[in-house]
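Working notes for the structure below.
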Amino acid sequence: MGADTVQHLAEAIERMPLVDHHVHGMLPDPTAADLLGALTQADHTASPADVFDSAQGFALRRHCAPLLGLPAFASPDDYLAARGALGPDDVARRLLRASGVAAYLVDDGHRPDLLMADERMARLAGAPTHRVARLETIAETVLAQSASAAEFADRLEPALEQAAADAVGFKTVAAHRCGLDLDPSKPTSIELRSAADAWFAEAAGPGASARPRLTDPTIIRRLIWWALERGAVLQVHAGFGDADLVLERANPSRMQPLVAATAGTGGRIAFLHCYPYVREAGWLAHVFPHVFLDVGLAVGFLGANADSVVRESLDLAPFSRVLFSTDAWGVPERVLLGARLWRDAAARVLGGYVEDHGWPIDEAIRVAEGIAWRNAEALYGRAFVEA
């Protein structure tokens, strides 16, 4: 095997369409402050140094700047100025289309009030969007519209079924709300009603917000069981995220009892992001046939270090159960970086397997193509990429 063979692999990966199986919407007119905020998981106001002087920031200056008419590694000030001069739609169009993403599966649950309509995002990207419904958001909406806990319990499942009509899958943010160390048993109707009574009383109490936040593990477990018994794909946030998350409780291995208990439901579990618990997620995919994983959020933030998580995602998991995503929220830079850095890391990692371990080049291409889009089509049971 020589350099020409590895180059052939890289060129094949470059041409592959991508299905971004977990992404969020875009801000319609982000300011410089919005851009900085969207490029961090922290909850404090991000400074330019916080963002640009990082692995992600160097990758952004290398890969995004030329698409805005700047030299690679342009200064942060020049980048922000060019972005402002071009305007939000032109920036989004350039970056989203350069990513090579052919379809977006959009989680509708994180600050949708701030984001552009999916139809506008699809127009700018030149690629269709498909909805992923967030379970906790559905339950919170039902509670806010219910006059009693009993009414909430009665209306919850019909609302879930209504959401299922136009969703390709569901997502839970249990990692953020109560942790993944969940009791594996399916809550009974009596247990659901008791938990709903407590939540309704809390939501109606003094100082309660207009939109109650679901943190009760019993209700969240009931939502998870509902989705999996329905045979749906359930995306599960795992690993690092926003500052409200307790990282060690987001380790996917903590969910092992519930994963095992739901193995016969017909549903599938896709652990999202997983960093720094990529090997734990890979082990779960190795021992449970209904488990899938991606390393989407981590890839964009790790920049030049993305090879490490791409390689770890292939340690134990069957290759047919590893997926591509970006987890981009708010700004198209995150889509472009997620795609660009995954392509480069996959080419280096798989190229190493070809060069150092004798993998046939066509087999390496097949594995990459599966992660890029074919595995997502198989998991969600529909065609996302035009033949």
Side-chain angles (χ1 to χ4, degrees), residues 9-10 12-14 16-23 100-105 132 168-169 171 233-240 251-253 255-256 259 267-302 305-328 338-354 357 359-360 362-382 384-385:
L9 171 63
I13 292 174
E14 189 66 27
M16 290 175 187
L18 301 173
V19 171
D20 190 346
H21 94 111
H22 179 73
V23 69
V101 173
Y104 295 90
L105 278 57
V132 174
V168 297
K171 181 189 175 184
V233 178
L234 177 64
Q235 299 179 350
V236 179
H237 181 103
F240 97 109
N251 186 330
S253 67
M255 199 170 163
Q256 180 188 348
V259 170
R268 280 111 338 125
I269 295 170
F271 284 110
L272 307 175
H273 322 318
C274 304
Y275 183 82
Y277 306 115
V278 178
R279 287 173 174 165
E280 287 87 339
W283 172 75
L284 287 169
H286 179 83
V287 297
F288 294 106
H290 65 310
V291 172
F292 298 71
L293 74 145
D294 74 41
V295 290
L297 177 61
V299 168
F301 279 95
L302 292 180
N305 297 317
D307 293 23
S308 61
V309 294
V310 171
R311 183 177 290 105
E312 285 187 358
S313 73
L314 303 177
D315 279 353
L316 288 176
F319 300 146
S320 62
R321 285 193 257 130
V322 181
L323 305 168
F324 168 80
S325 83
T326 65
D327 191 42
R340 175 73 272 145
L341 294 171
W342 179 82
R343 291 186 198 274
D344 291 348
R348 287 190 293 266
V349 170
L350 293 172
Y353 297 165
V354 169
H357 301 282
W359 277 30
D362 59 332
E363 292 287 274
I365 291 173
R366 179 181 60 80
V367 169
E369 191 173 66
I371 299 168
W373 64 278
R374 289 192 183 276
N375 295 346
E377 290 199 336
L379 173 61
Y380 293 92
R382 62 185 66 203
F384 296 119
V385 175

Considering all heavy atoms of both residues, which atom of [X] and which atom of [Y] are nearest to each other, and what is their separation?
{"X": "Ala347", "Y": "Leu9", "answer": "O-CD2, 4.0 Å"}
{"X": "Val385", "Y": "Pro17", "answer": "CG1-CG, 3.8 Å"}
{"X": "Leu341", "Y": "Val299", "answer": "CD1-O, 3.5 Å"}
{"X": "Thr326", "Y": "Gly338", "answer": "CG2-CA, 4.0 Å"}
{"X": "Ala368", "Y": "Trp342", "answer": "O-CH2, 3.7 Å"}
{"X": "Ala376", "Y": "Leu323", "answer": "N-CD2, 3.6 Å"}

* Candidate list Lys171, Arg268, His22, test side-chain hydrogen bond (donor to acceptor under 3.5 Å, both in side chains), partner Gln235, passing option ->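 Single side-chain hydrogen bond (donor to acceptor under 3.5 Å, both in side chains) partner of Gln235 among Lys171, Arg268, His22: His22.
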* **Parallel, tilted or perpendicular: ring planes of Trp359 versus Tyr353, cut at 30 and 60 degrees** => tilted
Between [X] and [Y], is there a donor-acceptor pair closer than 3.5 Å when you use the side chain of the first and the backbone of the second?
{"X": "Glu280", "Y": "Pro252", "answer": "no"}
{"X": "His273", "Y": "Gly239", "answer": "no"}
{"X": "Asn375", "Y": "Phe319", "answer": "yes"}

* To do: Check step by step if side-chain contact (heavy atoms from CB on, under 4.5 Å) holds for Met16 and Ile365.
  => CA-CA 10 Å; Met16 290 175 187; Ile365 291 173; 3.8 Å; yes
Report the distance from atom [atom1] of [X] to atom [atom2] of [Y], rounding to the nearest 0.5 Å.
{"X": "Leu293", "Y": "Leu284", "atom1": "CG", "atom2": "CG", "answer": "9.0 Å"}
{"X": "Arg321", "Y": "Phe271", "atom1": "CZ", "atom2": "CZ", "answer": "12.0 Å"}
{"X": "Gln256", "Y": "Asn251", "atom1": "CD", "atom2": "CG", "answer": "10.5 Å"}
{"X": "Phe292", "Y": "Leu234", "atom1": "CZ", "atom2": "CG", "answer": "12.5 Å"}
{"X": "Tyr275", "Y": "Glu312", "atom1": "OH", "atom2": "CD", "answer": "8.5 Å"}
{"X": "Ile371", "Y": "Leu350", "atom1": "CD1", "atom2": "CG", "answer": "6.5 Å"}

* Going by an N to O cut-off under 4.0 Å, is there a salt bridge joining Asp315 and Arg311? ->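 Between Arg311 and Asp315 there is no salt bridge, as every charged N stays at least 4.0 Å from the carboxylate O atoms.
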* Got a salt bridge between Arg366 and Glu369, using NZ or NE/NH1/NH2 to carboxylate O under 4.0 Å? ->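 Answer for the salt bridge query: no.
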* Asked: More than 12 non-hydrogen atoms from neighbouring residues, nucleotides or ligands closer than 6.0 Å to OH on Tyr380, yes or no?
  ->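 Result for OH/Tyr380: enclosed.
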* Check: Arg340 and Glu14 side chains under 4.5 Å, non-hydrogen atoms ->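 In short, these two side chains touch, coming nearer than 4.5 Å.
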* To do: Evaluate the side-chain contact (heavy atoms from CB on, under 4.5 Å) criterion for residues Trp373 and Leu18: first the C-alpha distance (whole Å), next the side-chain angles of each, then the deciding distance (0.1 Å), finally the verdict.
  => CA-CA 5 Å; Trp373 64 278; Leu18 301 173; 6.0 Å; no
* To do: Could you verify whether a donor N or O on one side chain and an acceptor N or O on the other, from Asp327 and Ser325, lie under 3.5 Å apart?
  => no
* **Step-by-step side-chain contact (heavy atoms from CB on, under 4.5 Å) determination, Leu105 to Val19** => CA-CA 8 Å; Leu105 278 57; Val19 171; 4.0 Å; yes
* **Audit row: His21, Asp294, side chain to side chain donor-acceptor pair (under 3.5 Å) steps and yes/no** => CA-CA 9 Å; His21 94 111; Asp294 74 41; 2.7 Å; yes
